[in-house]
Visitor: 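I have a structure here, written as structure tokens, and I will follow up with some questions on it.
Source: prediction; values computed, not measured. Naming convention: chains lettered A, B, ... in sequence-line order (proteins, then strands); numbering from 1 in each chain.
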Protein chains: 2
Amino acid sequence: MTELEKGPTGRRRGRGARERILSASQQLFREQGINRTGMDQLCAAAEVSKRTAYQHFTGKDELVAEYLRRFDPSVLSGVFDRTDLTPRERLLAAFDMPPTTPLCPYIAAAVELHDPQHPASQYARDYKKAVAARLADTAREAGAADPEQLGEQLALLIDGAAARTRVLNADAFPTAAAIAAVLINNAIPATASDDGQREETPS
Amino acid sequence: MTELEKGPTGRRRGRGARERILSASQQLFREQGINRTGMDQLCAAAEVSKRTAYQHFTGKDELVAEYLRRFDPSVLSGVFDRTDLTPRERLLAAFDMPPTTPLCPYIAAAVELHDPQHPASQYARDYKKAVAARLADTAREAGAADPEQLGEQLALLIDGAAARTRVLNADAFPTAAAIAAVLINNAIPATASDDGQREETPS
DNA sequence: TGTTATGTACACCGCCCTGTGTGCTTACGG
DNA sequence: CCGTAAGCACACAGGGCGGTGTACATAACA
């Protein structure tokens, strides 16, 4: 109890500075990028003193890493956990998030930090692999011939759409979705009533 | 004559400092990124005094923009100008550059600078559009049903492979090439002897 | 020869960055 | 009520950054 290391449970007595810091990180790192967001500005936005911030995080690097870990629930699980869709539809639904996600923060972090050893870069790798794995799982569920390959292909499409959207300032996800549709149709050997309702029970 | 603004013709009398600066930029911006490369370090690597550098470029921004303009010949034209390949093969050849191109510098610049108004960002957009246009031209030449769409799709694949290669530290271009093959086969309505030799003379 | 553009060497400025040191205030829990 | 930990205000250190000022060297061309 004496330690309690202010972990995921957050403030024990205080007024929750850690949450405000991470919340401000989400906004500022996205809007301005990591390198262009100073700790001074971040603390001001979080209404937290700089001293407090450095008591919660040993440095900016740790804060960045922790910031990246706060994305899974909002982006990833929301798509794969939908049981109202067939596996095939779930694969396509991954391309239906144009308004949010200006640029996948994992790509941005990997480029901005520019150090593969940085904890945030390592986490970005893990995350990308996890996404590909979940896509592969869903592809297998949908009856794809080579689920791993299809998962990797779809993951590449998502990253391509994200990167291209950023560079061109124009939504590229529809294009990626069109490609995904082709790939899925080619990889899944003529499933039942393809995209109408749920397919036959996967036994 | 009194002005001569040391333009594209380069040094008139001097010993070519401008070229050394741009050459060092190519190396350092790629290895370390733009933001992490200071003008001091860059000038040292180019064996150029800082004063000289600022006489050739009004600021780092201009240098970055000029640095990006030095990529077209090496990456782009080398693929599209090959007359020994059929248009169809040329489309696929765009994915055959794994050793070089650690990350497309245009994507990196757009992410690092993080300002769509920055001249380098604008040029990155222009370049990406130009690549898509050339791909579309080649697709049209190959007899694709919807060349614009195929060009945009292939461009997205290239960007996706570049981004994913960077984040994962693993070559993603083979995956992109596999997708490209599928798309091309689907989009080109059974051309002649598809990938054997060159197709019918383009008039 | 001298002029002029080009390049050099080096110190310097002001700014912003990450990160600390110190002392003070607040609020929760016993 | 008091102790203690969480948080705060503020100033400052140390360093890298982009960019400049000054004085000097060199090479081409008239």
Visitor: Figure out the CG/P separation between B:N35 and C:dC16, and round it to whole Å.
Guide: 16 Å
Visitor: Which donor-acceptor pairs under 3.5 Å do side chains of residues 110-117 of chain A form with protein atoms, sequence neighbours excluded?
Guide:
| from | atom 1 | to | atom 2 | distance (Å) |
| --- | --- | --- | --- | --- |
| A:E112 | OE1 | A:I34 | N | 3.3 |
| A:E112 | OE1 | A:N35 | N | 3.1 |
| A:E112 | OE2 | A:I34 | N | 2.8 |
| A:H114 | ND1 | B:Q32 | O | 3.4 |
| A:H114 | NE2 | B:G33 | N | 3.4 |
| A:H114 | NE2 | B:R166 | NH2 | 3.0 |
| A:D115 | OD1 | A:Q117 | N | 3.0 |

Visitor: Rounded to whole Å, how long is the line connecting atom CZ of B:R36 with atom C1' of D:dG15?
Guide: 15 Å
Visitor: Rounding to a whole Å, what distance do you find between B:Q41:CD and D:dG16:P?
Guide: 12 Å
Visitor: I'd like to know if the side chain of A:R125 and the backbone of B:N169 have a donor-acceptor N/O pair within less than 3.5 Å.
Guide: no
Visitor: Rounded to whole angstroms, how far apart are CD1 on B:I21 and P on C:dT6?
Guide: 13 Å
Visitor: What integer distance in Å separates B:I34:CD1 from D:dG18:C1'?
Guide: 15 Å
Visitor: Does any N or O in the side chain of A:R90 come within less than 3.5 Å of the main-chain N or O of A:R82, such that one atom is a donor and the other an acceptor?
Guide: yes
Visitor: Are A:D137 and A:R134 within salt-bridge range, i.e. N to O under 4.0 Å?
Guide: no
Visitor: Looking at A:H56, I'd like to know whether one of its side-chain N or O atoms comes within less than 4.0 Å of OP1 or OP2 on D:dA6.
Guide: no
Visitor: Rounded off to whole Å, could you give me the CE-to-P distance for the A:M39 and D:dG14 pair?
Guide: 20 Å
Visitor: Rounding to a whole Å, what distance do you find between B:D40:CG and C:dC13:P?
Guide: 16 Å
Visitor: Can you tell me how far the OG1 atom of B:T175 sits from the CG atom of A:L150, to the nearest 0.5 Å?
Guide: 11.5 Å
Visitor: Per the salt bridge (charged side-chain N to carboxylate O under 4.0 Å, His left out) rule, what does the pair list look like for residues 48-60 of chain B, sequence neighbours excluded?
Guide: B:D40-B:K50
Visitor: Contact class for A:T37 (heavy atom, under 4.0 Å): base, sugar-phosphate, or nothing?
Guide: sugar-phosphate
Visitor: Just how far, in rounded Å, is C1' of D:dG18 from CD of B:Q55?
Guide: 16 Å
Visitor: Using a heavy-atom distance cut-off of less than 4.0 Å, which residues of residues 45-54 of chain A contact DNA chain D?
Guide: A:E47, A:V48, A:S49, A:R51, A:T52
